[in-house]
**Student:** 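The structure follows.
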Amino acid sequence: MEAKGEAKSEAGGKAEGGGPPNTVVINLLNFAMRVVHEEMAGFFDDHCSLWDYGEEELKAIMAGGGETLEQHAIFTKYLELINGHLDGFARSAGYTSAKDVFEAVEAAVEHDKKQREKMMAEMNTMFAQMRLKVKEKEAKAEEKEGAKGGDDGDDGGAKAEAKGEAKATARGKAGGPGLTLFSQPIGLEYLLDSVLNLAEYETLRMMMIMKARERRMYRQLAERGERRRRLAAARREDLVAGCPPRVVVQQYEALKARLAEMTPHRKDLHEELDAGMASAKLEDDADRGGAADGTCYDFPVDFLVKVSSPTAAEAFKATAERLREDRGTHVAYLAAIHDHIDAIHDNIEQCMLAARRDPVSGGAAPAADAKATRADAKG
């Protein structure tokens, strides 16, 4: 990673001679994360295709299967880049070499460990004092109870049991092992491990696999979008006023298939689709020409209203209502419903693209654009 003229004070380094000992570790971690996720993004994009595994192939690799010499060569290049960026960090921080950085890091980790041991010792002392106070209060309470005397019978036994539970709770609140455990600060060695793990092949492999899957997802998204737009163009050419009844039936069957694809794991809805969208009745109605029997479109209309965003649902309900009032034709109904399904898929595609990280800046697309897109479809 390039130092890019960072101020030495930002690196928290030796040149300024100040800052807590842990500053060099924290700045090293931030620097390494920025390098891997931003400055080396192009390197991952260029080479991740070598790790584009299928599911079975991935299982074999994760079970210990061998990998290629080409992948090893990429790993060697990766280490060279990491080391070069680390040298840049060392210079920006006022050190003479990466070795000096890690010597300072080791000193900071050792200092942090001693500080945490001291802190935990003080914390244990504080918890011990809290437990002692609780015991003293318990002893005073027992003395008062004994002074009252008398036998409360069964009710007294219940009270004693309740008091015992209250004491146990108080002891827990006064510094049990669980509280001590969760009160421990995160040690610098854990942060340092995040940096050192970057030099492991397993880390590179997982980053490459994730990048390859991301690229495959966006590639498939683009392919589906292109296919959907081609089908929409062909549908608009076929589904016109005066078209043959067989075209209406074909587009109605295609509509049922598209609705089923929107809910791939809902067999109950698929059964409702088969029952509510019977093409035999539609074919008879289409042969007669003229206005459509709007009831055969009730199910797809209601279904799409459910899966649409509030804004899109209101607009679609208004369209469906106009079709009913105007006694719309099969062509009008089918065109409107297919177009709405296309709009849902287009908006989902735009949302995913809006959330995609910019390969140049490493940042996400503008949030305003993503929000505006999500307003049109729930998907």
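This is a predicted model, so every value here is computed, not measured.
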**Student:** Is there a side-chain contact between R205 and Y201, using heavy atoms and a 4.5 Å cut-off?
**Tutor:**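 Yes; the side chains approach each other to less than 4.5 Å.
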**Student:** Is the closest side-chain heavy-atom distance between F44 and L204 below 4.5 Å?
**Tutor:** yes
**Student:** Salt-bridge test for R235 and D342: reply yes if a basic N is under 4.0 Å from a carboxylate O, no otherwise.
**Tutor:**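 Salt bridge between R235 and D342, a charged N being under 4.0 Å from a carboxylate O: yes.
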**Student:** List for me each residue that meets side-chain hydrogen bond (donor to acceptor under 3.5 Å, both in side chains) alongside K77, sequence neighbours excluded, and say none if there are none.
**Tutor:** none
**Student:** Are L334 and V240 connected into the same hydrophobic cluster when the rule is that any two of I, L, V, M, F, W, Y join if their side-chain heavy atoms are below 4.5 Å apart?
**Tutor:** no
**Student:** Under 4.0 Å between a Lys/Arg side-chain N and an Asp/Glu carboxylate O for R224 and E349?
**Tutor:**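 Judged by the 4.0 Å cut-off on N to carboxylate O distance, R224 and E349 do not form a salt bridge.
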**Student:** Using a 4.5 Å cut-off on heavy atoms from C-beta on, say whether the side chain of L221 contacts that of I348.
**Tutor:** no
**Student:** Please round to the nearest 0.5 Å and tell me the distance separating atom CE of M206 and atom CG of N197.
**Tutor:**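 The distance works out to 13.0 Å.
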**Student:** Among all residues two or more places apart in sequence or in another chain, which pass the ring-ring contact (aromatic ring centres under 6.0 Å, His included) test with F299?
**Tutor:** none
**Student:** Describe, in one word, how the ring planes of Y297 and Y252 are oriented to each other, choosing from parallel (under 30°), tilted (30 to 60°) and perpendicular (over 60°).
**Tutor:** perpendicular
**Student:** Roughly how far, to the nearest 0.5 Å, is the CD1 atom of I344 from the OG atom of S309?
**Tutor:** 8.0 Å
**Student:** Under the side-chain hydrogen bond (donor to acceptor under 3.5 Å, both in side chains) test, which residues partner H340, sequence neighbours left out?
**Tutor:** S308
**Student:** Not counting sequence neighbours, which residues clear salt bridge (charged side-chain N to carboxylate O under 4.0 Å, His left out) with D52? List them please.
**Tutor:**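 Counting only residues at least two positions away or on another chain, D52 forms a salt bridge (charged side-chain N to carboxylate O under 4.0 Å, His left out) with R216, R219.
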**Student:** With no hydrogens and no angle check, is any side-chain donor or acceptor of H330 less than 3.5 Å from a backbone partner on V248?
**Tutor:** no
**Student:** Are any non-hydrogen side-chain atoms of L198 and Y78 less than 4.5 angstrom apart?
**Tutor:** yes
**Student:** How long is the gap from CG on L81 to CD1 on I74, to the nearest 0.5 Å?
**Tutor:**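 Between atom CG of L81 and atom CD1 of I74 there are 10.0 Å.
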**Student:** For the pair Y333 (side chain) and A320 (backbone), establish whether a donor and an acceptor sit closer than 3.5 Å, ignoring hydrogens and angles.
**Tutor:**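 Not a single qualifying donor-acceptor pair exists.
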**Student:** Just checking E202: does its CD atom have more than 12 heavy atoms from other residues, nucleotides or ligands closer to it than 6.0 angstrom?
**Tutor:** yes
**Student:** Testing the basics here: between D238 and V247, what is the closest heavy-atom pair and its distance to 0.1 Å?
**Tutor:**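 Looks like O-CG1, 3.7 Å.
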**Student:** The criterion is ring-ring contact (aromatic ring centres under 6.0 Å, His included); which residues satisfy it with F303, sequence neighbours excluded?
**Tutor:**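 If we apply the ring-ring contact (aromatic ring centres under 6.0 Å, His included) test to F303, skipping adjacent residues, there are no hits.
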**Student:** Atom CG of L304 and atom CD1 of I341: how far apart are they, to the nearest 0.5 Å?
**Tutor:**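 If I round to the nearest 0.5 Å, the distance is 5.0 Å.
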**Student:** Which residues pass the salt bridge (charged side-chain N to carboxylate O under 4.0 Å, His left out) test with E200, sequence neighbours left out?
**Tutor:**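 Expected list: none.
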**Student:** When you look at H47 and F43, which way does the side-chain contact (heavy atoms from CB on, under 4.5 Å) test go after all the steps?
**Tutor:** CA-CA 6 Å; H47 302 292; F43 174 84; 3.5 Å; yes
**Student:** From K267 NZ over to H265 NE2, what is the distance, rounded to the nearest 0.5 angstrom?
**Tutor:**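 It comes to 11.0 Å.
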**Student:** Would you say that L259 contacts H270 through its side chain, given a criterion of any heavy-atom pair below 4.5 Å between the two side chains?
**Tutor:**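 The answer is no, as the side chains (C-beta and beyond) never meet within the 4.5 Å cut-off.
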**Student:** Charged N to carboxylate O below 4.0 Å: is that the case for R258 and E261?
**Tutor:** no
**Student:** Sequence neighbours left out, what passes ring-ring contact (aromatic ring centres under 6.0 Å, His included) with H338? Give chain and number order.
**Tutor:**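 Applying ring-ring contact (aromatic ring centres under 6.0 Å, His included) to H338 gives none.
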**Student:** Go through the structure and list residues passing side chain to side chain contact (heavy atoms under 4.5 Å, CB included) with R266, not counting sequence neighbours.
**Tutor:**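 Scan of R266 (side chain to side chain contact (heavy atoms under 4.5 Å, CB included), adjacent residues dropped) gives T263, D268, L269.
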**Student:** Could you list the residues that satisfy side chain to side chain contact (heavy atoms under 4.5 Å, CB included) with V331, not counting sequence neighbours?
**Tutor:**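 So V331 forms a side chain to side chain contact (heavy atoms under 4.5 Å, CB included) with L239, C243, T329.
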**Student:** Count the heavy atoms belonging to other residues, nucleotides or ligands that lie under 6.0 Å from CE of M217, then report whether that count exceeds 12.
**Tutor:** yes
**Student:** Could you tell me if the side chain of M208 sits less than 4.5 Å from the side chain of L50, heavy atoms only?
**Tutor:**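 Not touching, per the 4.5 Å side-chain cut-off.
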**Student:** Do M33 and I82 sit in the same hydrophobic cluster, where Ile, Leu, Val, Met, Phe, Trp and Tyr count as joined when their side-chain heavy atoms come under 4.5 Å apart?
**Tutor:**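 Yes.
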**Student:** R230 and R227: side-chain contact (heavy atoms from CB on, under 4.5 Å), yes or no, with the steps?
**Tutor:** CA-CA 5 Å; R230 287 196 303 269; R227 184 167 60 251; 3.8 Å; yes
**Student:** Is it true that K211 and E214 have a side-chain N and a carboxylate O under 4.0 angstrom from each other?
**Tutor:**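 So K211 pairs with E214 through a salt bridge.
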**Student:** Applying salt bridge (charged side-chain N to carboxylate O under 4.0 Å, His left out), can you list everything that pairs with D87, at least two apart in sequence or on another chain?
**Tutor:**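 Not a single residue meets the salt bridge (charged side-chain N to carboxylate O under 4.0 Å, His left out) criterion with D87.
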**Student:** Cut-off 3.5 Å, no hydrogens considered: what does the side-chain donor-acceptor table look like for residues 53-62, sequence neighbours left out?
**Tutor:**
from: Y53; atom 1: OH; to: E67; atom 2: OE1; distance (Å): 2.7
from: Y53; atom 1: OH; to: Q71; atom 2: NE2; distance (Å): 2.8
from: E55; atom 1: OE2; to: R213; atom 2: NH2; distance (Å): 3.1

**Student:** Of the non-hydrogen atoms in K256 and L273, which two are nearest, and what is the gap between them?
**Tutor:**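 Of all heavy-atom pairs spanning K256 and L273, the closest is CD-O, 3.7 Å.
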**Student:** When rounded to the nearest 0.5 angstrom, what distance separates CG in D346 from SG in C351?
**Tutor:** 11.0 Å
**Student:** Distance-only, no hydrogens or angles: does the R215 side chain make a donor-acceptor pair with backbone N or O of D45 under 3.5 Å?
**Tutor:**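 At least one qualifying donor-acceptor pair exists.
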**Student:** Assigning hydrophobic clusters by single linkage (Ile, Leu, Val, Met, Phe, Trp, Tyr; side-chain heavy-atom cutoff under 4.5 Å), is M352 placed with M210?
**Tutor:**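 Each belongs to a different hydrophobic cluster.
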**Student:** What closest approach, in Å, do V305 and F316 show between heavy atoms, and which atom pair accounts for it?
**Tutor:** CG2-CD2, 4.0 Å
**Student:** List the atom of C48, the atom of A212, and the distance in Å for their closest heavy-atom pair.
**Tutor:** O-CB, 3.4 Å
**Student:** Between T203 and A199, is there a donor-acceptor pair closer than 3.5 Å when you use the side chain of the first and the backbone of the second?
**Tutor:**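 Such a contact is absent between T203 side chain and A199 backbone.
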**Student:** Once side-chain hydrogen bond (donor to acceptor under 3.5 Å, both in side chains) is applied, do any residues pair with E314, and if so which ones, sequence neighbours excluded?
**Tutor:** K317
**Student:** Measuring only between side-chain heavy atoms, which start at C-beta, is E321 closer than 4.5 Å to R324?
**Tutor:** yes
